[in-house]
Amino acid sequence: MKVRVRFAPSPTGFLHIGGARTALFNWLYARHTGGTFVLRIEDTDAARNTQEAVEVILNGLRWLGLDWDEGPISGDATGASKGDRGPYFQSQRSENYRRRVEALLSRGLAYEHEGAIRFKMSREPVVIPDLVVGNVTRELTDREKLEPDFVIVRSDGQPVFHLVNVIDDLEMGITHVIRGEDHLSNTAKHIALFRAFGVEPPQYAHIPLILNIDGTKMSKRDKGASLMTYVEEGYAPEAVVNYLCLLGWSPKGNREKVPIKEVIELFDLPQILRHNARFDLNKLHWLNGEYIKEMSGDRFHELAVHALARVGIDTNRYDLQYVKAALDTCKQKVKLFSEVPTFADFYFKEEIDHKAQAAETDFAPENKPRLKQLRDAFAQVAKFDADTLNTTLKGVAVSSGASVGVLVHPTRLICTGRTVGPSLYHLLEVLGKERVLQRFDRALEQMG
RNA sequence: GACCCUAUCGUCUAGCGGUUAGGACACUGCCCUUUCACGGCAGGUGCACGGGUUCGAUUCCCGUUAGGGUCGCCA
């Protein structure tokens, strides 16, 4: 039987990083088995769910590169979708639910109570076969012993999650339910419901949760809980996906950076770890740097320009070759696109603000004659390239009796305003003689 | 309160009865480089605790502790 898995998020206005990981594992399993990945929107809470909230999810999945074979095409619940098992929005499936509830009612498996409809739940322990956790025997809690039956349709006529989730999985032919471990206990209800509908439940695989680095639950309020954080902070999607794969699963062989194609080949449900994992931003950061180093210059360029635009730097005002050359000096240096501005903003500013603390020492009075000499030497060079500038600066150091460092640091500060950045001589070359001399003149003037 | 899941360096993990317990991130030195980063070398830190089973337990079983989850007319 062909594998059919699904990701069934509720459009709350953001995509939780844990949800993204659940989507990823479903997608991986579908791709690994040659199965079908279905996207279903659980928008039963009409008041809260908006089209924009659905778009957030769709865009998040697209950003990650998790394409779905069936499901919505846009956030419009009544719009077109792909696949023949729709609708893929629960808000459009009321008739299916109504029919199913009628069937339960007529067979005496559900009953009305205070305007709501309750399902007659098994009083016996339910065994949950789970591909990750193993067989779990779920007994009733003391509270459930008081009242084992549970509401499937509210008194206002709205069906509840447990009901619609099961009906949809059943009608959409879902073969494997891969979801967060927070659903493990509730699975007893789902299994009972499937049987009430006369079918055996799908296979279950409950994956461990992602916790904060301190081991606490990651809630909506925690920084980093939303996938958008990583989009905005300048992470590359392939790095985020790779990192997420490493949480609760391992490619073995002491490997960390693994191309998604290989993950698809290696991935399988039984190897998923059973314990929760903490989200380690340090490792993601490192991994992101690895992906940046290997990405094409064009892709780096595109994402870096975007990062600069985010802080108000419009690179379009500059010559394309200049922008490319400038960004090339940063590619091997940054680990995050949000770091690009601090490495490259000086290329795109006419006036440089010098970091005050560094200026105190670098712009000391005794440095001024040496820097003036360096400025004039730079003005004389025939070819304004890194090698020439390197030898020129060293020559000035010798003739002025200063150490190279005494010239290097102020030069960096004069031209970039910062104490860290790209390789000095290369950055000078890219800036060009005109800008460099301008910046020297202005700084010399400020030194009084 | 009840029920369920889990437990290897600070973090992610390899391990599936006998290993000097391996790797990665992070951290600390040194080298390279007169910025930062990369790279190279070196280093410290771990099988939660207590009982079993076994010739032998990180590995199997039980308990304790700790963490997480669930018991909604939320999803």
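Below, read A as the first sequence line, B as the second, and so on, with proteins coming before strands; counting in each chain starts at 1. Side-chain atoms are counted along with the backbone in the values below, which use heavy atoms only and exclude waters and symmetry mates.
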Do the side chains of [X] and [Y] get close enough for a salt bridge, i.e. N-O under 4.0 angstrom?
| X | Y | result |
| --- | --- | --- |
| A:E302 | A:R299 | no |
| A:K217 | A:D222 | no |
| A:R93 | A:E171 | yes |

Report the base-pairing partner of [N] (Watson-Crick or G-U wobble, both distances below 3.5 angstrom), or none.
| N | value |
| --- | --- |
| B:C27 | B:G43 |
| B:U20 | none |
| B:A2 | B:U70 |
| B:A37 | none |
| B:A7 | B:U65 |

[X] [atom1] - [N] [atom2] separation (whole Å):
| X | N | atom1 | atom2 | value |
| --- | --- | --- | --- | --- |
| A:M218 | B:G67 | CE | P | 19 Å |
| A:N242 | B:A24 | CG | C1' | 12 Å |
| A:D149 | B:G72 | CG | P | 12 Å |
| A:D214 | B:G68 | CG | P | 9 Å |
| A:L146 | B:C3 | CG | P | 14 Å |
| A:E112 | B:C73 | CD | P | 15 Å |
| A:I207 | B:G69 | CD1 | P | 15 Å |
| A:E147 | B:A2 | CD | C1' | 16 Å |

Problem set entry | Ring-face cation contact, A:F197 with A:R100, 6.0 Å cut, 45° max | yes

Does [X] have a side-chain nitrogen or oxygen under 4.0 Å from the phosphate oxygens OP1 or OP2 of [N]?
| X | N | answer |
| --- | --- | --- |
| A:T216 | B:G67 | no |
| A:R143 | B:U70 | no |
| A:R154 | B:A75 | yes |

Using the [atom1] atom as the reference point in each nucleotide, state the distance between [N] and [M] in Å, no decimals.
| N | M | atom1 | answer |
| --- | --- | --- | --- |
| B:C47 | B:U11 | P | 12 Å |
| B:A66 | B:A24 | P | 35 Å |
| B:A14 | B:G46 | C1' | 13 Å |
| B:G17 | B:C32 | C1' | 46 Å |

Exercise. Quick one: do the A:N288 and A:Y243 side chains pair a donor with an acceptor below 3.5 Å?
Worked result: no

Problem set entry | Base versus backbone protein contacts along nucleotides 32-43 of chain B [heavy-atom cut-off under 4.0 Å; B, S, -] | --BBBSS-----

Problem set entry | Nucleotide-resolved protein contact map, nucleotides 4-17 of chain B, B/S/- at heavy-atom distance under 4.0 Å | SSSS---BBSSS--

For this session: Report yes if the distance between the aromatic ring centroids of A:F7 and A:W68 is under 6.0 Å, otherwise no.
Result: no

For this session: Check every strand shown and say whether A:H183 touches a base, only sugar-phosphate, or nothing at a heavy-atom separation below 4.0 Å.
Result: base

For this session: Under 4.0 Å between any heavy atoms, over every strand shown, what does A:K257 touch: base, sugar-phosphate, or nothing? Just pick one.
Result: nothing

Problem set entry | Nearest listed nucleotide, side chain of A:E114, among B:C73, B:C71, B:A75 | B:C73

For this session: For a ring pair (Phe, Tyr, Trp, His ring centres under 6.0 Å) with A:F337, tell me which candidate from A:Y235, A:Y230, A:F300 qualifies.
Result: A:F300

Exercise. Restricting to pairs with a member in residues 132-142 of chain A, which pass salt bridge (Lys or Arg N to Asp or Glu O under 4.0 Å), not counting sequence neighbours?
Worked result: A:R138-A:E144

